[in-house]
Number of protein chains: 2
Amino acid sequence: MSAMSNTNQIDDVKKLFSDYLVNNGHRQTPERISILSEIYDQDNHFSVELLYIIMKNRNLSISRATIYNTIELLIDCGLIIKHQFGKNIAQYEKSYAYKQHDHLICMDCGKVFEFCDPRIHQIQKTTEEMNNLKIVKHSLNFYGKCNTLEENKSCKYIISNKV
Amino acid sequence: MSAMSNTNQIDDVKKLFSDYLVNNGHRQTPERISILSEIYDQDNHFSVELLYIIMKNRNLSISRATIYNTIELLIDCGLIIKHQFGKNIAQYEKSYAYKQHDHLICMDCGKVFEFCDPRIHQIQKTTEEMNNLKIVKHSLNFYGKCNTLEENKSCKYIISNKV
DNA sequence: CTTATTGCAAAGTGTTTGCATCTTA
DNA sequence: TAAGATGCAAACACTTTGCAATAAG
(Lines give C-alpha, C1' and ligand atoms only; values in the text may rest on other atoms or scores of the structure.)
Protein backbone atom coordinates (compact mmCIF):
# COMPACT_ATOMS: atom_id res chain seq x y z
CA MET A 1 0.00 0.00 0.00
CA SER A 2 2.91 2.32 0.64
CA ALA A 3 5.24 3.63 -2.00
CA MET A 4 8.09 3.45 0.47
CA SER A 5 10.38 0.51 0.91
CA ASN A 6 10.18 -1.22 4.27
CA THR A 7 13.65 0.06 5.12
CA ASN A 8 12.61 3.65 4.73
CA GLN A 9 9.34 3.00 6.46
CA ILE A 10 10.89 1.70 9.65
CA ASP A 11 13.19 4.71 9.71
CA ASP A 12 10.26 7.08 9.28
CA VAL A 13 8.33 5.31 11.99
CA LYS A 14 11.27 5.36 14.41
CA LYS A 15 11.72 9.05 13.78
CA LEU A 16 8.03 9.71 14.44
CA PHE A 17 8.09 7.69 17.65
CA SER A 18 11.31 9.31 18.79
CA ASP A 19 9.88 12.79 18.21
CA TYR A 20 6.69 11.81 20.02
CA LEU A 21 8.63 10.57 23.03
CA VAL A 22 10.77 13.69 23.24
CA ASN A 23 7.87 16.06 22.73
CA ASN A 24 5.89 14.39 25.45
CA GLY A 25 8.61 14.10 28.07
CA HIS A 26 9.07 10.35 27.69
CA ARG A 27 12.45 8.66 27.56
CA GLN A 28 13.85 6.86 24.56
CA THR A 29 14.63 3.42 25.86
CA PRO A 30 16.02 0.51 23.84
CA GLU A 31 12.96 -1.55 24.87
CA ARG A 32 10.56 0.96 23.35
CA ILE A 33 12.47 1.09 20.10
CA SER A 34 12.77 -2.68 19.83
CA ILE A 35 9.04 -3.15 20.47
CA LEU A 36 8.28 -0.67 17.68
CA SER A 37 10.68 -2.48 15.32
CA GLU A 38 9.19 -5.84 16.15
CA ILE A 39 5.68 -4.59 15.50
CA TYR A 40 6.58 -3.10 12.14
CA ASP A 41 8.22 -6.39 11.26
CA GLN A 42 4.89 -8.16 11.69
CA ASP A 43 2.53 -8.48 8.75
CA ASN A 44 -0.40 -9.79 10.74
CA HIS A 45 -2.58 -8.65 13.57
CA PHE A 46 -1.02 -9.59 16.89
CA SER A 47 -1.87 -9.80 20.57
CA VAL A 48 0.41 -8.70 23.40
CA GLU A 49 1.04 -12.31 24.32
CA LEU A 50 2.07 -13.20 20.76
CA LEU A 51 4.41 -10.22 20.55
CA TYR A 52 5.92 -11.22 23.89
CA ILE A 53 6.56 -14.78 22.70
CA ILE A 54 8.03 -13.59 19.39
CA MET A 55 10.42 -11.26 21.17
CA LYS A 56 11.37 -13.89 23.75
CA ASN A 57 12.11 -16.34 20.93
CA ARG A 58 14.46 -13.77 19.45
CA ASN A 59 16.22 -13.66 22.82
CA LEU A 60 15.22 -10.06 23.32
CA SER A 61 15.00 -9.18 26.97
CA ILE A 62 11.55 -7.76 27.50
CA SER A 63 8.67 -7.97 29.96
CA ARG A 64 4.95 -8.02 29.35
CA ALA A 65 4.56 -4.90 31.48
CA THR A 66 6.85 -2.96 29.18
CA ILE A 67 4.98 -4.16 26.11
CA TYR A 68 1.67 -3.04 27.57
CA ASN A 69 3.20 0.28 28.54
CA THR A 70 4.78 0.86 25.13
CA ILE A 71 1.66 -0.15 23.25
CA GLU A 72 -0.23 2.60 25.06
CA LEU A 73 2.31 5.12 23.78
CA LEU A 74 2.16 3.73 20.25
CA ILE A 75 -1.63 3.97 20.20
CA ASP A 76 -1.40 7.50 21.55
CA CYS A 77 0.88 8.64 18.75
CA GLY A 78 -1.12 6.80 16.10
CA LEU A 79 1.48 4.23 15.08
CA ILE A 80 -0.70 1.26 15.94
CA ILE A 81 -4.44 0.55 16.18
CA LYS A 82 -6.21 -1.62 18.70
CA HIS A 83 -9.02 -3.99 17.73
CA GLN A 84 -11.45 -6.22 19.61
CA PHE A 85 -12.73 -8.84 17.21
CA GLY A 86 -15.42 -10.17 19.52
CA LYS A 87 -13.01 -11.97 21.81
CA ASN A 88 -11.54 -10.79 25.08
CA ILE A 89 -8.11 -10.52 23.54
CA ALA A 90 -7.02 -7.19 22.16
CA GLN A 91 -5.51 -7.41 18.68
CA TYR A 92 -3.20 -4.73 17.37
CA GLU A 93 -1.85 -3.73 13.98
CA LYS A 94 0.59 -1.15 12.67
CA SER A 95 -1.14 1.85 11.17
CA TYR A 96 1.51 4.13 9.66
CA ALA A 97 1.28 4.42 5.87
CA TYR A 98 -1.36 1.72 5.72
CA LYS A 99 -4.57 2.40 3.92
CA GLN A 100 -7.60 2.69 6.16
CA HIS A 101 -9.56 -0.53 5.99
CA ASP A 102 -12.17 -2.59 7.78
CA HIS A 103 -12.32 -6.27 8.66
CA LEU A 104 -14.10 -9.41 7.57
CA ILE A 105 -13.75 -12.12 10.20
CA CYS A 106 -14.38 -15.82 9.81
CA MET A 107 -16.59 -17.06 12.61
CA ASP A 108 -15.17 -20.56 12.27
CA CYS A 109 -11.41 -20.14 12.09
CA GLY A 110 -10.94 -16.54 13.21
CA LYS A 111 -9.07 -15.57 10.07
CA VAL A 112 -9.17 -11.82 9.42
CA PHE A 113 -9.53 -10.34 5.94
CA GLU A 114 -9.34 -6.66 5.13
CA PHE A 115 -11.47 -4.61 2.81
CA CYS A 116 -12.37 -1.00 2.26
CA ASP A 117 -15.46 0.73 1.02
CA PRO A 118 -15.61 4.52 0.69
CA ARG A 119 -19.28 4.60 1.68
CA ILE A 120 -18.35 4.12 5.35
CA HIS A 121 -17.02 7.69 5.34
CA GLN A 122 -20.31 8.99 4.06
CA ILE A 123 -22.09 7.26 6.92
CA GLN A 124 -19.55 8.67 9.37
CA LYS A 125 -19.99 12.18 7.96
CA THR A 126 -23.77 11.96 8.24
CA THR A 127 -23.58 10.66 11.80
CA GLU A 128 -21.19 13.46 12.74
CA GLU A 129 -23.42 16.14 11.22
CA MET A 130 -26.62 14.82 12.72
CA ASN A 131 -25.10 14.67 16.20
CA ASN A 132 -22.87 17.69 16.05
CA LEU A 133 -19.77 15.93 17.33
CA LYS A 134 -16.39 14.93 16.05
CA ILE A 135 -16.05 11.21 15.45
CA VAL A 136 -12.51 10.19 16.18
CA LYS A 137 -12.52 6.67 14.77
CA HIS A 138 -14.74 3.86 13.65
CA SER A 139 -14.74 0.11 13.67
CA LEU A 140 -16.64 -1.91 11.09
CA ASN A 141 -16.49 -5.69 11.19
CA PHE A 142 -18.39 -8.20 9.11
CA TYR A 143 -18.65 -11.75 10.41
CA GLY A 144 -19.12 -14.70 8.05
CA LYS A 145 -17.93 -18.15 7.12
CA CYS A 146 -14.70 -18.33 5.15
CA ASN A 147 -14.96 -21.87 3.83
CA THR A 148 -16.39 -20.24 0.73
CA LEU A 149 -13.73 -17.57 0.73
CA GLU A 150 -11.00 -18.04 -1.86
CA GLU A 151 -7.94 -16.56 -0.26
CA ASN A 152 -5.93 -15.73 -3.33
CA LYS A 153 -8.51 -14.30 -5.66
CA SER A 154 -7.57 -10.92 -6.96
CA CYS A 155 -10.09 -8.42 -5.73
CA LYS A 156 -9.48 -4.71 -5.57
CA TYR A 157 -11.45 -4.43 -2.33
CA ILE A 158 -9.44 -7.06 -0.48
CA ILE A 159 -6.20 -5.46 0.61
CA SER A 160 -4.66 -8.52 2.18
CA ASN A 161 -5.58 -11.54 4.18
CA LYS A 162 -4.26 -12.11 7.64
CA VAL A 163 -4.55 -14.64 10.42
CA MET B 1 -39.76 0.24 18.10
CA SER B 2 -42.16 -2.62 18.58
CA ALA B 3 -45.88 -2.37 18.17
CA MET B 4 -46.34 -4.88 20.96
CA SER B 5 -46.76 -4.05 24.60
CA ASN B 6 -44.01 -5.23 26.92
CA THR B 7 -46.37 -7.79 28.42
CA ASN B 8 -46.98 -9.44 25.11
CA GLN B 9 -43.37 -9.16 24.15
CA ILE B 10 -42.09 -11.08 27.14
CA ASP B 11 -44.65 -13.79 26.43
CA ASP B 12 -43.54 -14.02 22.81
CA VAL B 13 -39.92 -14.14 23.80
CA LYS B 14 -40.52 -16.83 26.42
CA LYS B 15 -42.39 -18.88 23.86
CA LEU B 16 -39.55 -18.54 21.36
CA PHE B 17 -36.97 -19.53 23.95
CA SER B 18 -39.08 -22.41 25.17
CA ASP B 19 -39.49 -23.73 21.61
CA TYR B 20 -35.78 -23.33 20.99
CA LEU B 21 -34.92 -25.29 24.12
CA VAL B 22 -37.31 -28.13 23.29
CA ASN B 23 -36.29 -28.30 19.65
CA ASN B 24 -32.63 -28.48 20.56
CA GLY B 25 -32.84 -31.03 23.34
CA HIS B 26 -32.25 -28.54 26.16
CA ARG B 27 -34.22 -28.53 29.36
CA GLN B 28 -36.54 -25.76 30.48
CA THR B 29 -35.24 -24.73 33.86
CA PRO B 30 -36.56 -21.93 36.06
CA GLU B 31 -33.08 -20.36 36.01
CA ARG B 32 -33.10 -20.07 32.21
CA ILE B 33 -36.54 -18.51 32.16
CA SER B 34 -35.73 -16.05 34.92
CA ILE B 35 -32.52 -14.96 33.19
CA LEU B 36 -34.48 -14.30 30.00
CA SER B 37 -37.11 -12.32 31.92
CA GLU B 38 -34.47 -10.29 33.68
CA ILE B 39 -32.73 -9.46 30.41
CA TYR B 40 -35.96 -8.34 28.73
CA ASP B 41 -36.63 -6.19 31.78
CA GLN B 42 -33.42 -4.27 31.12
CA ASP B 43 -33.45 -1.23 28.87
CA ASN B 44 -29.71 -0.82 28.67
CA HIS B 45 -26.74 -2.78 27.52
CA PHE B 46 -25.50 -5.03 30.32
CA SER B 47 -22.56 -7.21 31.26
CA VAL B 48 -22.77 -10.64 32.86
CA GLU B 49 -21.54 -9.20 36.13
CA LEU B 50 -24.20 -6.48 36.14
CA LEU B 51 -26.94 -8.99 35.40
CA TYR B 52 -25.63 -11.21 38.19
CA ILE B 53 -25.72 -8.35 40.69
CA ILE B 54 -29.20 -7.25 39.60
CA MET B 55 -30.54 -10.77 40.04
CA LYS B 56 -28.80 -11.24 43.38
CA ASN B 57 -30.29 -7.96 44.58
CA ARG B 58 -33.71 -9.34 43.72
CA ASN B 59 -32.90 -12.34 45.88
CA LEU B 60 -33.00 -14.63 42.90
CA SER B 61 -30.84 -17.68 43.42
CA ILE B 62 -28.49 -17.77 40.47
CA SER B 63 -24.82 -18.40 39.71
CA ARG B 64 -22.52 -16.72 37.25
CA ALA B 65 -21.90 -20.06 35.54
CA THR B 66 -25.59 -20.44 34.77
CA ILE B 67 -25.78 -16.92 33.40
CA TYR B 68 -22.83 -17.55 31.07
CA ASN B 69 -24.37 -20.84 30.00
CA THR B 70 -27.80 -19.34 29.37
CA ILE B 71 -26.42 -16.35 27.51
CA GLU B 72 -24.80 -18.74 25.04
CA LEU B 73 -28.20 -20.28 24.36
CA LEU B 74 -29.85 -16.87 24.02
CA ILE B 75 -27.25 -15.74 21.52
CA ASP B 76 -27.68 -19.00 19.62
CA CYS B 77 -31.42 -18.50 19.24
CA GLY B 78 -31.06 -14.82 18.39
CA LEU B 79 -32.74 -13.35 21.46
CA ILE B 80 -29.70 -11.36 22.51
CA ILE B 81 -26.65 -9.85 20.81
CA LYS B 82 -23.12 -9.66 22.15
CA HIS B 83 -20.95 -6.55 21.76
CA GLN B 84 -17.35 -5.65 22.52
CA PHE B 85 -17.07 -1.90 22.75
CA GLY B 86 -13.28 -1.82 22.86
CA LYS B 87 -13.02 -3.05 26.43
CA ASN B 88 -12.45 -6.56 27.71
CA ILE B 89 -15.99 -6.75 29.00
CA ALA B 90 -18.65 -8.27 26.81
CA GLN B 91 -21.83 -6.18 26.65
CA TYR B 92 -25.16 -7.72 25.71
CA GLU B 93 -28.54 -6.42 24.65
CA LYS B 94 -31.91 -7.97 23.85
CA SER B 95 -32.55 -8.23 20.14
CA TYR B 96 -36.09 -9.47 19.65
CA ALA B 97 -38.37 -6.94 17.97
CA TYR B 98 -35.72 -4.26 18.18
CA LYS B 99 -34.74 -2.41 15.07
CA GLN B 100 -31.28 -3.20 13.81
CA HIS B 101 -28.95 -0.41 14.82
CA ASP B 102 -25.31 0.49 15.29
CA HIS B 103 -23.49 2.26 18.08
CA LEU B 104 -21.88 5.59 18.80
CA ILE B 105 -19.65 5.39 21.87
CA CYS B 106 -18.27 8.24 23.95
CA MET B 107 -14.56 7.77 24.47
CA ASP B 108 -14.71 9.80 27.66
CA CYS B 109 -17.67 8.49 29.62
CA GLY B 110 -18.45 5.24 27.79
CA LYS B 111 -22.04 6.21 27.12
CA VAL B 112 -23.53 4.28 24.20
CA PHE B 113 -25.89 5.89 21.67
CA GLU B 114 -27.69 4.03 18.93
CA PHE B 115 -28.24 5.04 15.32
CA CYS B 116 -29.05 3.39 12.05
CA ASP B 117 -28.10 4.14 8.49
CA PRO B 118 -29.41 2.01 5.64
CA ARG B 119 -26.17 2.41 3.69
CA ILE B 120 -24.45 -0.14 5.91
CA HIS B 121 -26.53 -2.83 4.22
CA GLN B 122 -25.35 -1.71 0.82
CA ILE B 123 -21.75 -2.06 1.98
CA GLN B 124 -22.53 -5.48 3.42
CA LYS B 125 -24.18 -6.61 0.19
CA THR B 126 -21.19 -5.45 -1.87
CA THR B 127 -18.75 -7.18 0.45
CA GLU B 128 -20.78 -10.38 0.27
CA GLU B 129 -20.92 -10.31 -3.51
CA MET B 130 -17.26 -9.50 -3.98
CA ASN B 131 -16.18 -12.30 -1.69
CA ASN B 132 -18.83 -14.84 -2.51
CA LEU B 133 -19.74 -15.61 1.08
CA LYS B 134 -22.68 -15.16 3.38
CA ILE B 135 -22.13 -12.48 5.99
CA VAL B 136 -23.93 -13.47 9.16
CA LYS B 137 -23.68 -10.23 11.09
CA HIS B 138 -21.90 -6.93 11.30
CA SER B 139 -20.70 -4.55 13.95
CA LEU B 140 -20.26 -0.84 13.27
CA ASN B 141 -19.11 1.45 16.04
CA PHE B 142 -18.21 5.11 15.89
CA TYR B 143 -16.10 6.54 18.70
CA GLY B 144 -16.26 10.22 19.59
CA LYS B 145 -16.60 12.72 22.39
CA CYS B 146 -20.09 13.24 23.78
CA ASN B 147 -19.58 16.52 25.64
CA THR B 148 -20.90 18.10 22.46
CA LEU B 149 -23.73 15.60 22.23
CA GLU B 150 -27.11 16.91 23.26
CA GLU B 151 -28.83 13.90 24.70
CA ASN B 152 -32.41 14.93 24.26
CA LYS B 153 -32.44 16.39 20.79
CA SER B 154 -34.98 14.79 18.55
CA CYS B 155 -33.22 13.13 15.70
CA LYS B 156 -34.74 10.42 13.59
CA TYR B 157 -31.43 8.62 13.32
CA ILE B 158 -30.87 8.35 17.06
CA ILE B 159 -33.10 5.60 18.36
CA SER B 160 -32.27 5.93 22.02
CA ASN B 161 -29.40 6.67 24.31
CA LYS B 162 -28.08 4.14 26.75
CA VAL B 163 -25.32 3.85 29.32
C1' DC C 1 22.05 12.50 40.39
C1' DT C 2 17.22 12.49 39.81
C1' DT C 3 13.37 10.41 38.31
C1' DA C 4 11.17 7.76 34.63
C1' DT C 5 11.29 3.09 33.20
C1' DT C 6 12.01 -1.74 33.52
C1' DG C 7 10.97 -6.39 35.05
C1' DC C 8 9.23 -9.43 38.07
C1' DA C 9 5.61 -11.17 40.70
C1' DA C 10 1.36 -10.43 42.82
C1' DA C 11 -3.17 -8.84 42.36
C1' DG C 12 -7.25 -7.90 39.55
C1' DT C 13 -10.94 -8.93 36.40
C1' DG C 14 -13.84 -11.36 33.31
C1' DT C 15 -14.65 -15.99 31.78
C1' DT C 16 -14.34 -21.08 31.71
C1' DT C 17 -14.07 -25.54 33.83
C1' DG C 18 -14.54 -29.62 37.11
C1' DC C 19 -17.33 -31.88 39.90
C1' DA C 20 -20.71 -33.01 43.40
C1' DT C 21 -25.51 -32.10 43.90
C1' DC C 22 -29.87 -31.48 42.16
C1' DT C 23 -33.77 -31.72 38.87
C1' DT C 24 -36.12 -32.07 34.39
C1' DA C 25 -38.20 -35.07 31.27
C1' DT D 1 -34.02 -42.71 37.20
C1' DA D 2 -30.79 -41.27 33.91
C1' DA D 3 -28.88 -37.47 31.48
C1' DG D 4 -28.57 -32.74 31.68
C1' DA D 5 -28.26 -28.44 34.50
C1' DT D 6 -26.91 -25.88 38.54
C1' DG D 7 -23.73 -23.75 41.76
C1' DC D 8 -19.65 -23.33 43.90
C1' DA D 9 -14.83 -22.85 43.79
C1' DA D 10 -10.77 -23.45 41.44
C1' DA D 11 -8.45 -22.63 37.26
C1' DC D 12 -7.58 -19.67 33.27
C1' DA D 13 -6.24 -15.89 30.38
C1' DC D 14 -5.45 -11.25 29.71
C1' DT D 15 -4.28 -7.02 31.92
C1' DT D 16 -2.87 -3.88 35.66
C1' DT D 17 -0.28 -2.70 39.69
C1' DG D 18 3.47 -2.34 43.34
C1' DC D 19 7.98 -1.98 44.09
C1' DA D 20 12.94 -2.65 44.05
C1' DA D 21 16.57 -2.30 40.71
C1' DT D 22 18.16 0.12 36.70
C1' DA D 23 19.36 3.60 33.37
C1' DA D 24 18.16 7.89 30.53
C1' DG D 25 18.80 12.66 30.41
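Values reported hereafter were calculated over all heavy atoms of this structure, with side chains retained and with hydrogens, waters and symmetry mates removed. Sequence lines set the chain letters: A, B, ... in the order given, protein chains first and strands last, and positions in each chain run from 1.
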Inset, instruction - Give a yes/no on whether any side-chain N or O of S61(B) is located under 4.0 angstrom from OP1 or OP2 of dG7(D). - result: yes
Inset, instruction - Take the protein atom CG of N24(A) and the nucleotide atom P of dG25(D), then report the distance between them rounded to whole Å. - result: 14 Å
Inset, instruction - Could you tell me the separation between the CD1 atom of I67(A) and the P atom of dT5(C), rounded to a whole number of Å? - result: 17 Å
Inset, instruction - State which of dC8(C), dT15(C), dT6(C) makes the closest approach to the side chain of T66(A). - result: dT6(C)
Inset, instruction - For K56(B) and dG7(D), give me the distance from atom NZ to atom P, rounded to whole Å. - result: 8 Å
Inset, instruction - Rounded to the nearest angstrom, tell me the gap between atom CD1 in I71(A) and atom P in dT6(C). - result: 13 Å
Inset, instruction - Consider the side chain of E31(A), meaning its heavy atoms from C-beta on, and name the nucleotide among dG7(C), dA5(D), dT15(C) that approaches it most closely. - result: dG7(C)
Legend entry - Closest listed nucleotide, where the reference is the side chain of R27(A) and the choices are dC14(D), dA25(C), dA4(C): dA4(C)
Inset, instruction - Please confirm whether any donor atom in the side chain of R32(B) sits under 3.5 Å from an acceptor in the base of dA5(D), or the reverse. - result: no
Legend entry - Distance, rounded to the nearest Å, where Q91(B) contributes CD and dT15(C) contributes C1': 14 Å
Legend entry - Atom-pair distance (CZ on R64(A); P on dG12(C)), nearest Å: 19 Å
Inset, instruction - To the nearest Å, give me how far apart CE (M55(B)) and C1' (dT6(D)) are. - result: 13 Å
Inset, instruction - Choose from dT17(D), dT15(C), dC14(D) the nucleotide whose nearest atom is closest to any side-chain atom of A65(A). - result: dT17(D)
Legend entry - Salt-bridge criterion met for R58(B) and E38(B) (N-O under 4.0 Å): yes
Inset, instruction - Could you pick out which residue, T70(A) or E49(B), lies toward the 5' side of DNA chain C when each is mapped onto its nearest nucleotide? - result: T70(A)
Legend entry - Contact under 4.0 Å: N88(B) side-chain N or O vs dC14(D) OP1/OP2: no
Legend entry - Shortest side-chain distance from H26(B), nucleotide among dT15(C), dA5(D), dG7(C): dA5(D)
Inset, instruction - Would you sort out whether H103(B) and Q91(B) count as a side-chain hydrogen bond (donor to acceptor under 3.5 Å, both in side chains), showing the intermediate values? - result: CA-CA 12 Å; H103(B) 298 91; Q91(B) 297 282 121; over 6 Å; no
Legend entry - dT6(C) OP1/OP2 closer than 4.0 Å to side-chain N/O of N69(A): yes
Inset, instruction - Would you check if K94(A) and Q42(A) make a side-chain contact, meaning some heavy-atom pair closer than 4.5 Å? - result: no
Legend entry - Among dG14(C), dT6(D), dT15(D), the nucleotide that comes nearest once only the side chain of Y68(B) is considered: dG14(C)
Inset, instruction - For S47(B), answer base if it contacts any base atom (sugar-phosphate contacts may also be present), sugar-phosphate if it contacts only those atoms, and nothing otherwise; contact means non-hydrogen atoms under 4.0 Å. - result: nothing
Inset, instruction - Measure from the side-chain heavy atoms of S63(B) and tell me the nearest of dG7(D), dG25(D), dA5(D). - result: dG7(D)
Inset, instruction - Can you sort out the partners of T66(A) under side-chain hydrogen bond (donor to acceptor under 3.5 Å, both in side chains), two or more places apart, ordered by chain and number? - result: S63(A)
Legend entry - Under 3.5 Å side-chain donor-acceptor pair for D102(A) and H138(A): yes
Inset, instruction - Round to a whole Å and report the spacing from CD1 of I62(B) to C1' of dT23(C). - result: 14 Å
Inset, instruction - Find out whether the Lys NZ or Arg CZ of K137(B) is both under 6.0 angstrom from the six-membered ring centre of Y143(A) and within 45° of the ring's axis. - result: yes
